[in-house]
> 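My structure is below; once you've seen it, I'll send some questions.
Hydrogens, waters and symmetry mates are skipped; everything else that's a heavy atom, side chains included, is used. Small disclaimer: the values here were computed from a predicted structure and weren't measured. We name chains A, B, ... by the order of the sequence lines, and we start the count at 1 in each one.
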There are 2 protein chains.
Amino acid sequence: MPYRYDYPRPALTVDCVVFGLDDKDLKVLLIERTSDPFAGRWALPGGFVEMDESLDAAARRELREEAGLEEVFLEQLYTFGAVDRDPRGRVVTVAYYALVNTVEHPLRAASDARAAAWFPVLSPPALAFDHAEILRVAHQRLRGKVSYQPIGFELLPERFTLSQLQQLYETILERRLDKRNFRRKVLSLGFLEETAHTQRDVSHRAARLYRFNEAKYRRLVEKGFLFELI
Amino acid sequence: MPYRYDYPRPALTVDCVVFGLDDKDLKVLLIERTSDPFAGRWALPGGFVEMDESLDAAARRELREEAGLEEVFLEQLYTFGAVDRDPRGRVVTVAYYALVNTVEHPLRAASDARAAAWFPVLSPPALAFDHAEILRVAHQRLRGKVSYQPIGFELLPERFTLSQLQQLYETILERRLDKRNFRRKVLSLGFLEETAHTQRDVSHRAARLYRFNEAKYRRLVEKGFLFELI
DNA sequence: CCAAAAGTGTTCTCCATACACCCATGC
DNA sequence: GCATGGGTGTATGGAGAACACTTTTGG
């Protein structure tokens, strides 16, 4: 391939679809745009890739700068490069999706005071650019991936009840699951561990709290164990 | 996000991992580099994204220009953006993978007479840049995807025997499959159709030829049918 | 004592797996 | 007639799905 430092280059950005769980709804984090194009509309957090940072680093930096989020689950989603996706010129964006548990990672206002807020994934406001399409692809990926990789735990606090976990799957997969079958299945996988704790301050029998044991999971994967949950 | 047309931008390329089936081996298409860096080494076909073409279009153009391949199965794989992946400067590449059946899509020499050739995926030569890593990720994606999406057919001629199909799966998954179970399963899925033809010029009983019926497959998918093969 | 969610077993059906022999064809 | 792959059926075990009641706790 010829090498052409003098040729025009597309601009390169990253955009992040941040999923969070709020009560029983799956939410996405959006930032309000303050300037044109699409001033006043909501958009995915994101921005330009610097010359000396990797794509992953750029995505993490944007999450930190725009929402105060650090050390969250983050994975590359897809790269969107339609010629006309930005009215100002050629901009290619590498989209990521992130999973955060909203309890242990509360939002911090963006440094430049732009609004950041959670919106229902199933009924988001009108979005800037092609961000509705990016959100759609991210949601589809999450639904597809949650059944065969233990990423759902990223949306929950460190300790959670089996009912919380079941509700999470019911929300993401958009269907009801059988309580007994769900518990038997998820416990049989062997990477959840009971903690000594139970729920507090609930006006009914307190449920046992469980924890995802990443080390156990890794060991199972290394042994060739492929799990499928639901 | 601020908009900065005057800031330095990474260069943007596409690279294609082209898989083909040759006898019973899975092969990858490589191009010999003629200039530095990595002159003389083999590399994935690829090149710069033009300002007025989408990423998919750039990948298809490179396949056409560098190998004479048209109308093949092509899907985006992952975007590689490590800061030091190209010794000449910052270059981000959007990797694609393609599946071609080498019978109906013979290679054509690249327009600029650079060598193009097929190499075993399991024992490729030393590759330029981070292309070994890209190949690894593509191979992993192919292995993972072939069991739950009917993409394997792209590697076969339009009409194929069930034994050819089984060999393909055995090659990609790197394990032996039971003939009776494989045939029962794949036929039960309902998107293969018998043709009136059989094999020719074989010194044993001629096998029936089948064809993948994409329309049938689409109808099944729309009905919510999720297939899993093996 | 009442409301609310936690927790728990069994049955049935279906699908994946394991397995071996006869058939058609070319040479 | 022999070598080569083509083509076929059955039995078994395990996992997913359906299904309802008792227990614990707070108010």
> According to side-chain contact (heavy atoms from CB on, under 4.5 Å), who are the partners of A:R64, at least two apart in sequence or on a separate chain?
A:R61, A:E70
> Which residues pass the ring pair (Phe, Tyr, Trp, His ring centres under 6.0 Å) test with A:F160, sequence neighbours left out?
A:F153
> Is there any side-chain hydrogen bond (donor to acceptor under 3.5 Å, both in side chains) pair reaching into residues 221-230 of chain B, and which pairs are they, with sequence neighbours excluded?
none
> Which ones in residues 192-201 of chain B lie close to DNA chain C, meaning a heavy atom under 4.0 Å from one of its atoms?
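Of all residues in residues 192-201 of chain B, none places a heavy atom under 4.0 Å from DNA chain C.
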> I'd like a table of donor-acceptor pairs (distance under 3.5 Å, sequence neighbours excluded) in which one partner is a side-chain atom from residues 212-219 of chain B, with atom names and distances.
from: B:N213; atom 1: OD1; to: B:A215; atom 2: N; distance (Å): 3.1
from: B:N213; atom 1: OD1; to: B:K216; atom 2: N; distance (Å): 3.0
from: B:N213; atom 1: ND2; to: B:E193; atom 2: OE1; distance (Å): 2.9
from: B:E214; atom 1: OE2; to: B:R218; atom 2: NH2; distance (Å): 3.0

> Give me each pair satisfying salt bridge (Lys or Arg N to Asp or Glu O under 4.0 Å) with a member in residues 199-208 of chain A, each pair once, sequence neighbours excluded.
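Listed by first then second residue: A:E194-A:R208.
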> What salt bridge (Lys or Arg N to Asp or Glu O under 4.0 Å) pairs are there with at least one residue in residues 147-161 of chain B, not counting sequence neighbours?
B:E158-B:R211
> Check ring pair (Phe, Tyr, Trp, His ring centres under 6.0 Å) between A:W42 and all other residues, then give those that pass, not counting sequence neighbours.
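Ring pair (Phe, Tyr, Trp, His ring centres under 6.0 Å) check on A:W42 returns A:F119.
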> Tell me which pairs pass salt bridge (Lys or Arg N to Asp or Glu O under 4.0 Å) where either residue lies in residues 161-178 of chain B, with sequence neighbours left out.
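Residue pairs passing salt bridge (Lys or Arg N to Asp or Glu O under 4.0 Å), neighbours aside: B:R143-B:E174, B:E170-B:R176.
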> Give me, pair by pair, the N or O atoms of the protein and of nucleotides 13-17 of chain C that are less than 3.5 Å apart, along with how far apart they are.
from: C:dA16; atom 1: OP1; to: B:K185; atom 2: NZ; distance (Å): 3.0

> For residues 118-134 of chain B, which residue pairs pass the salt bridge (Lys or Arg N to Asp or Glu O under 4.0 Å) check, not counting sequence neighbours?
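Residue pairs passing salt bridge (Lys or Arg N to Asp or Glu O under 4.0 Å), neighbours aside: B:R85-B:D130, B:E133-B:R136.
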> Any protein N or O atoms within reach of nucleotides 21-26 of chain D? Criterion: under 3.5 Å, listing atom names and distances.
from: D:dT23; atom 1: O2; to: A:R205; atom 2: NH1; distance (Å): 3.1
from: D:dT24; atom 1: O2; to: A:R205; atom 2: N; distance (Å): 3.4

